[in-house]
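Working notes, structure below.
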Amino acid sequence: MAVTTTTPLIASPYRGVAMTASKKGYDACESSNAVMDIENDADSSSDDEDLTESDTMSTSQRILNLAVPALISLAIDPLMTIADTAFVGRYSAPNDPYPLAGLGSAAALLVFSFYVFSFLATATAPLVANRRAAKDELGARLVGGQALSLAIVLGTVLTLVLLIFRHPLLQVMGTSVTGPQADMYADQFLTVRALAAPAVLLCSASNGIMRGYLDTKTPTLILLGSNAVNLILDVILVANLGMGPQGAGIATTVAEWIAALCFLGVLSGKLPSADAKNIRSDTLDDNTKNASGEVLLTVTPLLDLPKWSSIKPLVVAASSVFLRSIVLQVAMSSAAAMAARSTSDGMIDGSGASASVAAHQVALQLWLLCSFLCDALATASQALVADGIGRGDDNAVREVSQTVFKWGLVLGLTLSTFLWIGTSSGVLIDFFTSDEGTRIELSKLLTIVLLAQPLNSFVFAADGVLQGAEEFAYQAKAMALSVMSAFAMFAVLEYTTFGQEIILGGDNDTLVNVWYGLIALQAMRGITSLVKLVEAPGPINLLGKQVL
């Protein structure tokens, strides 16, 4: 029996690899009763075109087809916080650092809280991609459903924790030092933003699922729309109504819930993906059919308790990524807390600490924005490396890895150039704040941020390659070593005569030392990643020869 159907799962710029190649066996699948061959002449012609396009497409084109949309979508999330930071900073009273300082402390806590659950995207994407490339559609669907269920449960728990323990958590982040006014603004922002935790984790899990199907366009469109909503609400609530950090929190929370609902709509087949089509499947099981008779593969949260054997791969990968994220965010949050305790000469009251926190917040958001831009290459390499491993193609894995590092170097140098232009012209500082104390502190940090971008681009590209190879446990251990290196660097510079007199030449500044520690962290991440990348035999064997 011949069935007329098309086979792309999710709109993808790399659809020839996704699941459309009937000659490679992707269109032959087994139902519970029989094996059904999909043999429509028109569809075969379309598949041949896809195969030809895939075969002739260079590795750089494949990477860029995934990375460019991913670059936009990854940058959108930190852009929301940057928009909040800019609006609160610009529309606060002159020489009043407290609203921005309060937002900075609360935002640092939220970054920690949300980022530790990044495994919902990081672990899910390669697991889905590997199963899809190995023609296990139901396995890919199962992993996706498990990730969505986990996002709902963990998001709800996180909301409760942030609301119940917000006061002691904010004090840990330095609001006890920045003063009661900054503490009040931080509490307002955190109370509202905590309500978005389930939405944020759902977006993360959904993004991972779509990456696994080599679709980065749909997340980009959804997040562009949510960012537009956030910007409009910032204008209304912060600029016009003067609601400060609380208004910024409301704007971002509403935008993130809209994004989460859109993601669920696409994955459930209720909304079309980027190419105006739904997710579709070759597996004729319990999925529903659309008006054209095409079988829709719906990925929805699972309501039943899964068996350990089915959820073990996700749990093992997620646990390693979770521990790695915890360690990294402890370092980042410690940096924010130390910034709150840093005061400049001549600033002996709370305004000095507030200026340091405000400067650290702006520099950190620029750092994170650049990091997310670099992470676009990681997203592409993660999906394509997992796809190559799933197909057993070692040459493709190595070629993707080598190419992504070349693009990473270009991106890192480009980001450094743009940051240098913005810093030397004064545009960046003018854009974020008019407070003189904050401007002085910020000028010290921007040079460090711009010089670190080539290193950052390598680190994030390496992350993507190793995640695609499912080297989660190794990355967790490497992150622990990197964070210890960061703390050691800070301790030497801050507390030893050798650091203060020999290394710094007597010019000791706690805030700057915090950032030197962050550079040490990235350097060690780069070294440990390189060791695994060139390991022979290893999952990547970056310097190995092509196998004929």
Side-chain angles (χ1 to χ4, degrees), residues 7-10 12-30 47 50-51 54-55 57 59 62-63 65-66 70 121-147 207-216 279-283 297 299 310-314 316-318 320-321 378-404 463-475 532-533 537-542 544 546-547:
T7 57
L9 293 176
I10 292 187
S12 170
Y14 190 32
R15 286 166 57 178
V17 174
M19 292 194 67
T20 61
S22 59
K23 290 186 178 180
K24 291 186 178 178
Y26 293 137
D27 288 350
C29 54
E30 183 176 357
D47 289 344
D50 281 336
L51 275 171
S54 174
D55 291 339
M57 188 182 297
T59 301
R62 291 157 53 195
I63 290 172
N65 282 346
L66 291 173
T122 303
T124 300
L127 293 176
V128 170
N130 191 295
R131 283 152 181 74
R132 175 193 52 72
K135 307 170 221 178
D136 181 11
E137 291 186 37
L138 293 181
R141 176 189 176 189
L142 180 63
V143 170
Q146 292 168 349
N207 221 327
I209 295 168
M210 291 183 177
R211 288 182 200 173
Y213 284 110
L214 304 182
D215 178 13
T216 56
I279 307 171
R280 279 168 282 182
S281 173
D282 299 333
T283 307
L297 170 62
V299 182
S310 67
I311 200 174
K312 180 180 177 180
L314 179 62
V316 171
S320 297
V321 179
T379 297
S381 60
Q382 182 190 64
L384 293 176
V385 166
D387 183 88
I389 291 175
R391 292 183 285 111
D393 191 344
D394 293 339
N395 290 333
V397 170
R398 189 177 300 109
E399 185 179 2
V400 166
S401 303
Q402 292 171 344
T403 306
V404 81
D463 274 355
V465 171
L466 293 177
Q467 287 161 4
E470 299 184 22
E471 290 288 336
F472 301 117
Y474 177 84
Q475 287 186 299
K532 177 59 71 172
L533 288 168
I540 307 300
N541 192 10
L542 189 65
Q546 182 175 2
V547 180

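Model, not experiment: these values are computed from the prediction.
Between Ala380 and Ile63 the shortest heavy-atom distance is CB-O, 3.5 Å. Contact record, Val397 with Gly388: CG2-C, 3.8 Å, taken as the closest heavy-atom pair. Across Ala383 and Ala129, no two heavy atoms sit closer than the pair O-CB, 4.2 Å. What you find for Glu470 and Pro126 is that their closest heavy atoms are OE2-O, 4.0 Å. Closest heavy-atom contact between Gly212 and Val128: CA-CG1, 3.8 Å. When all heavy atoms are compared, the tightest approach of Arg132 to Tyr213 is CD-CD2, 3.4 Å.
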Practice task
Would you please test Ile389 and Asn130 for side chain to side chain contact (heavy atoms under 4.5 Å, CB included) and show each step?
Solution key: CA-CA 7 Å; Ile389 291 175; Asn130 191 295; 4.0 Å; yes
Practice task
Test Gln475 against Asp463 for side chain to side chain contact (heavy atoms under 4.5 Å, CB included), laying out the working first.
Solution key: CA-CA 8 Å; Gln475 287 186 299; Asp463 274 355; 3.3 Å; yes
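Interatomic distance, Lys532 NZ to Leu466 CG, rounded to the nearest 0.5 Å: 8.0 Å. Leu142 contributes atom CG, which lies 11.0 Å from atom CG of Leu127 (distance to the nearest 0.5 angstrom). Of the inter-residue distances, the one linking Leu214 atom CG with Arg62 atom CZ reads 9.5 Å to the nearest 0.5 angstrom. For the atom pair OG (Ser401) and CD1 (Ile540), the distance works out to 4.0 Å, reported to the nearest 0.5 Å. Rounding to the nearest 0.5 Å places CD of Gln467 at 6.0 Å from CZ of Phe472. Once rounded to the nearest 0.5 Å, the distance linking CG of Leu384 with CG of Asp393 reads 11.5 Å.
A donor-acceptor contact shorter than 3.5 Å links the side chain of Ser381 to the backbone of Ala378.
Taking the charged nitrogens against the carboxylate oxygens, Arg391 and Asp387 do have a contact shorter than 4.0 Å, which makes a salt bridge.
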